[in-house]
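Before any comments, here is the structure.
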Amino acid sequence: MRATINEVNAKGRWMNNNDLKLILNTNLALIVIETWDETRTLDLLQDLFQCASMPAWRWTHTEGLFPLGFGLELANPEQYAEAEIVLGYIKKYRKPGAFVLCDMHPFMESAKVIRLIKDIALDFENSQHKLVFVSHRLNLPAELSRFAASVSLSMPSEDEIMGIIREQAREWADKHRKSRIKTDSATLHSLVKNLKGLTHQDVRRLAYGAIADDGAITEADLPEVTKAKFELMHMDGVLHFEFSTAHMSDVAGLHNLKKWLEDRRQAMSSNHGSLDPPKGVLLFGVQGGGKSLAAKAIAGVWRLPLLRLDMAALFNKYVGETERNLREALKLADLMSPCVLWLDEIEKGLASGGEDSGTPKRLLGTLLTWMSERKSTVFMVATSNDISQLPPELMRKGRFDEIFFVDLPCHDTRHAIFRIHLSKRDLEPEHFNIDALAQLSEGFTGAEIEQAVVSATYAAAARELDVSDQLLQAAIQQTQPLSVVMAERIAQLRAWASDRAVRAN
Ligand SMILES: Nc1ncnc2c1ncn2[C@@H]1O[C@H](COP(=O)(O)OP(=O)(O)OP(=O)(O)O)[C@@H](O)[C@H]1O
Ligand SMILES: [Mg+2]
C-alpha cells in the first residue's frame with residue numbers, strides 16, 4: 001500500500017478526497033498532510049471521522065487537545081499543549097481514535113518526540129490510534145516514515161471555482177445594492193483558469209478582491225490575480241515571477257525561432273483543446289546572443305506569465321532539499337499553467353561532474369520525469385551557453401520539441417539590432433549609416449552591439465556632442481568581440497549544432 005501511495009505522491013498529483021478516505025482506512029498509523037489550508041483540512045477530516053464514527057481530536061501547541069467531532073471533551077485541554085505531554089497521553093490512551101496534530105513539525109527534532117510517535121505507531125494494531133500530522137511542510141525522520149503515508153488535498157475544480165466566483169459576486173452585489181456585476185465570459189473563463197491550484201479560502205479571497213476594486217471582473221484584474229497567486233505559493237528565491245516580458249519586436253533576427261513559435265501560438269492558447277500544447281525548446285549559443293531576451297519574448301508574444309527558475313538558488317545545503325525545491329517549483333509551474341517556465345543557464349544546475357555529482361543526477365531525474373509526464377500547459381524554455389556541460393539524456397531526441405542554436409547575427413540582423421538599440425535611446429536610425437555599422441561589427445553579438453551603442457552615447461555626453469556615426473564606429477573598433485577571443489569555442493558550438501540542432505536565426 002505504501003508503495004502505491006508514495007508513487008502517487010512522487011508524481012505530485014493532487015489526490016481527491018476519496019484518496020483521503022482510502023488512506024485513512026489503511027493499516028498505517030501515521031498520515032502526513034502537507035497543506036496551507038488548515039481550516040479546510042480540519043473540516044474535511046472532521047466530516048471523514050464523523051462518517052466513519054471514529055472519535056477524533058485536534059491538537060495545537062497553543063490550545064492543547066480538543067474534540068474534533070465525536071471525541072470526548074477533556075477537562076483541561078491546555079494542559080496537553082506540550083508535544084511530549086500530548087504524545088504521552090495518546091500513548092497511554094486505551095481506546096481507538098484519531099489525533100490530528102497541527103504544526104507538529106518544529107518538534108520533529110526531538111529524540112523523545114520521535115520515540116513517542118514510534119511507540120504509538122508500533123502499538124497501532126492494539127490501540128488503533130491514528131496520528132494525522134497537518135503542517136505546511138513536514139519532514140518525517142526516516143525511522144518514522146515507514147509507518148507513514150502522505151496525502152495532498154484536492155484543490156477546487158474549475159466548476160467549484162466558478163461557483164465560488166458567483167457566490168462572491170452575489171455577496172458583493174448584495175452589499176452594494178447592485179443587481180449583478182459586470183464581466184464577460186472570456187474573462188470569467190480566464191479568471192477560473194488563473195485561480196486553479198489555489199485553496200478554497202484563497203480562491204474566495206482573490207475572487208472577491210478582483211470584484212471589489214471596481215464592481216466588475218475585467219481583463220485588468222487578471223495580472224493582479226496571477227501575481228497574488230504566485231505570491232501565495234511561497235517559492236521566493238527559487239522561482240521568480242518575471243513581470244517585464246519582452247516583445248518580439250525587441251528581438252532582431254531569430255527568424256526560424258519566431259516562425260516556429262508563431263505556428264504554435266494557437267495551441268498554447270487555453271481555448272484550443274484539440275491541439276497538443278507544445279512542450280518546450282532549448283536555446284543554446286554564444287553569450288550575449290539574445291537567448292534570455294528570446295525567452296522573455298516567448299512569454300510576451302503568447303501573453304503568458306513567465307516564471308524563471310533560478311538554477312543556482314535550487315541548491316540547498318540540506319540533503320534532499322534541492323530536489324524538493326525543484327519538485328515544488330515544477331508543481332507550482334503546473335499550477336500556474338498555462339505559463340512559460342524559463343530555466344536560464346540550465347547547465348548551472350545539471351552539469352555532471354564536480355564534487356557532488358549525485359545531486360545534479362537526481363535533479364535531472366526529477367526534471368526528466370516531469371517533462372515526460374506533465375499534462376499541464378507549461379512551455380519550458382531552457383537556455384544554455386555551454387552545451388558540453390549538459391547531460392546527454394537531456395539532449396536526446398524528443399525531450400524538447402526542438403533544440404535551437406543561436407548563432408552570431410548575420411549582417412541584416414546586426415542592422416536590425418542597431419535600429420532597435422538606437423531607437424530605444426531616442427536616436428533616429430535614419431540619421432546613421434547603419435549599413436556601414438553593421439558591416440564593421442561583423443562577429444559581434446547582440447549584447448556587444450548594444451554595448452557599443454551605449455558607449456557611444458556616453459562618449460557623446462562627455463564631449464557634449466550628438467551621437468554620430470564616428471562615435472559609433474569608434475566604439476565598435478574599441479571592442480574585442482567574444483567571437484575573436486573565443487573563436488575555437490564558437491567553432492565547436494557550430495560543429496555540435498550542425499547535425500543536432502536547428503538554427504534559430
Ligand atoms: N537578437 C537581438 N536583438 C536585440 N537585442 C539583442 C539581441 N541579442 C542580444 N541583444 C541585446 O543583448 C542583451 C543581452 O542578451 P541576452 O542576455 O539575451 O543574451 P544571452 O544569449 O542570454 O547571453 P548569456 O549566454 O550571457 O546569458 C539583450 O538584453 C539585448 O539588449
Ligand atoms: Mg542569458
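We number each residue from 1, following the sequence as shown. When a ligand or atom number is given, it counts from 1 through the structure's own listing order.
- Protein N/O/S atoms found under 2.8 Å from the Mg ion (ligand 2), listed by chain and residue number: S292 OG.
- For the pair E224 and K227, the salt-bridge criterion is not met [side-chain N within less than 4.0 Å of a carboxylate O].
- Geometrically, R264 engages W260 in a cation-pi contact defined by less than 6.0 Å to the ring centre and at most 45° from the axis.
- The pair R503-D407 meets the salt-bridge criterion, since a charged nitrogen lies less than 4.0 angstrom from a carboxylate oxygen.
- The backbone N or O of F432 lies less than 3.5 Å from no partner atom in the side chain of D469, so there is not a single donor-acceptor pair.
- Partners of K259 under the salt bridge (charged side-chain N to carboxylate O under 4.0 Å, His left out) rule, at least two apart in sequence or in another chain, are D263.
- Atoms NE2 and CZ, from H105 and F107 in turn, are 8.5 Å apart once rounded to the nearest 0.5 Å.
- Between E430 and R419 a salt bridge is recorded (basic side-chain N to carboxylate O distance below 4.0 Å).
- Protein residues having at least one heavy atom under 4.0 Å from any atom of ligand 1 are D250, V251, A252, V286, Q287, G288, G289, G290, K291, S292, L293, E345, N385, I417, H421, G446, A447, E450, listed by chain and number.
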Check: residues 155-165 side-chain donor-acceptor pairs under 3.5 Å, at least two apart:
residue : atom : partner : partner atom : Å
S157    : OG   : E160    : N            : 3.2
S157    : OG   : E160    : OE1          : 3.3
E158    : OE2  : K193    : NZ           : 3.3
E158    : OE2  : K196    : NZ           : 3.4
E160    : OE1  : S157    : N            : 3.0
E160    : OE2  : H200    : NE2          : 3.4

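- With salt bridges taken as basic N to acidic carboxylate O contacts below 4.0 Å, one links E450 and R425.
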